[in-house]
Asks: 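The structure is given below, and queries will be raised subsequently.
Here is how names work: the chains are called A, B, and so on, in the same order as the sequence lines, proteins then strands, and each is numbered from 1. Any value given below was found using the heavy atoms of this structure, including those in side chains, with hydrogens, waters and symmetry copies removed.
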Amino acid sequence: MQHEQAEKSDTVVTWEDQQNINKFSKLNNRFHELEDEIKFAKETNDNLEDAGNELILTDEDIVRFQIGEVFAHVPREEVETRIEEMKEVNSKTLEKLEKEKETVLAQMNELKKILYGKFRDSINLEED
Amino acid sequence: MASASAETASSSSQIATAAASPTTERRGIPAAQFVEDVQTFLSQLDLDVNSALAFLQERLQQYKLVEMKLLAQQRDLQAKIPDIEKCLDIVATLQAKKEEGEALTADFEVSEGIFSRARIEDTDSVCLWLGANVMLEYSCDEATVLLQKNLENAKASLEVLIADLQFLRDQVTITQVTVARVYNWDVHQRRIRQAAAAAANES
């Protein structure tokens, strides 16, 4: 998965440059992984919201709540509490992921400046 | 001439190893040698440009194979971890119910699309599937301890695996950059030779 190419015409590539390129590649991979994780966390968030709404609409006292592979019969209030807890955990995770994504993007932009500064047109750091 | 180039080759290889990545290989993955200067690299390997490019391409293929394997292992681990967490959740729920003194009613899947109701009363012990057609009965506490340990091992393995993948990707990047540089060096050399030949023809 190579989206960057370094072509040296007459510029010398030092070990430091190579390390910068490696770091950029790692950051780019992490960025894509984070995007997937954030998408998954957002979906989970939506699902929990829907579950919460359904719970309000239903008038049953015992709700079948999925734990692992089975559906346990759980009183409605406990289900409400559980869903609230899960929503809390999920939004914290989502926040952490978003923050990490911003840090990664910032570092990538820094590296882009350095590498473009040295190699100008000989290097391409954009997505295809 | 030969001894002079051998000297420069050995001194540049010393420089290369000093400047190159600190490890020569990691868990069976050979490290890619960082090239300070294409000319000395080629004379050190004693290969012409095409053979060198072929050698580097072959390295890239090997790296790709290892990457596939590691990615598959990573997917397996990433699926295993939520499974273990679900098991821990159930054991915790059973223990909570036991403290309340109530039986747990649950609907479980008998076959695809068909569910049955079960009432779980005696929750002092659980049976854990250990793999290899073996299932053992544990007390709830022992089960929690075992599952926690499995979870931690899985997470630790995943971390090591991710570090391996990062090392591998670095080597791939280094090799790709080397390929580009060797190719460009060759193009550069050809241009010089053509210019020299043109100048010789004119004079």
Asks: Does CD in A:E95 sit with more than 12 non-hydrogen atoms of other residues, nucleotides or ligands closer than 6.0 Å?
Replies: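 Incorrect, the count does not exceed 12.
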
Asks: Check the surroundings of atom CD in B:E159: do more than 12 heavy atoms from other residues, nucleotides or ligands lie under 6.0 Å from it?
Replies: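 Check fails, neighbour count at 12 or below.
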
Asks: Is A:Q18 close to B:D170 at the side-chain level, that is, under 4.5 Å between some pair of heavy atoms?
Replies: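 Side-chain contact under 4.5 Å: no.
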
Asks: Count the heavy atoms of every other residue, nucleotide or ligand shown that sit under 6.0 Å from CZ of A:F40, and state whether that count exceeds 12.
Replies: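 No.
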
Asks: Taking atom OG1 of B:T105 and atom CD1 of A:I62, what is their separation to the nearest 0.5 Å?
Replies: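 Atom-to-atom, B:T105:OG1 and A:I62:CD1 are 7.5 Å apart.
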
Asks: Take a 6.0 Å sphere around CD of A:E98 and say whether it holds more than 12 heavy atoms from other residues, nucleotides or ligands.
Replies: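 Above 12, so yes.
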
Asks: Is B:D107 close to A:H73 at the side-chain level, that is, under 4.5 Å between some pair of heavy atoms?
Replies: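 Yes, close enough: below the 4.5 Å cut-off.
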
Asks: What part of B:F115 gets within 4.5 angstrom of chain A, counting heavy atoms only: side chain, backbone, both, or neither?
Replies: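 Contact with chain A involves the side chain of B:F115 alone.
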
Asks: Closest approach of A:W15 and B:I174, non-hydrogen atoms and distance?
Replies: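 That would be CZ3-CD1, 4.0 Å.
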
Asks: Specify the closest pair of heavy atoms between B:F108 and A:V70, including all atoms of both residues, with the distance to one decimal.
Replies: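 Smallest interatomic distance, heavy atoms only, reads CB-CG1, 3.7 Å.
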
Asks: Supply the atom-to-atom distance A:N29 CG to B:I162 CD1, rounded to the nearest 0.5 angstrom.
Replies: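 Output value for this atom pair is 11.5 Å.
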
Asks: Which atoms of B:L104 are under 4.5 Å from chain A, going by heavy atoms: the side chain, the backbone, both sets, or neither?
Replies: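 Side chain only.
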
Asks: If I take atom CD from residue A:E69 and atom CD1 from residue B:I90, how far apart are they, to the nearest 0.5 angstrom?
Replies: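 Going from the CD atom of A:E69 to the CD1 atom of B:I90 covers 8.0 Å.
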
Asks: Hey, is CD on B:E102 packed in by over 12 heavy atoms from elsewhere, all under 6.0 Å?
Replies: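 More than 12 within 6.0 Å, yes.
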
Asks: First locate atom CZ of A:R82, then atom CG of B:D89, and finally report the distance between them rounded to the nearest 0.5 Å.
Replies: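 The CG atom of B:D89 is 5.5 Å from CZ of A:R82, to the nearest 0.5 Å.
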
Asks: Tell me if the NZ atom of B:K80 is crowded by more than 12 foreign heavy atoms within 6.0 Å.
Replies: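 It does not: B:K80 NZ has 12 such atoms or fewer within range.
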
Asks: When you look at OH of B:Y138, are more than 12 heavy atoms from neighbouring residues, nucleotides or ligands closer to it than 6.0 Å?
Replies: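 Atom OH in B:Y138 is crowded, with more than 12 foreign heavy atoms closer than 6.0 Å.
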
Asks: Please round to the nearest 0.5 Å and tell me the distance separating atom OG1 of A:T14 and atom CZ of B:F34.
Replies: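 Result: 6.0 Å between the selected atoms.
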
Asks: Does the side chain of A:R64 come within less than 4.5 Å of B:R117's, by heavy atoms?
Replies: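 Yes; the side chains approach each other to less than 4.5 Å.
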
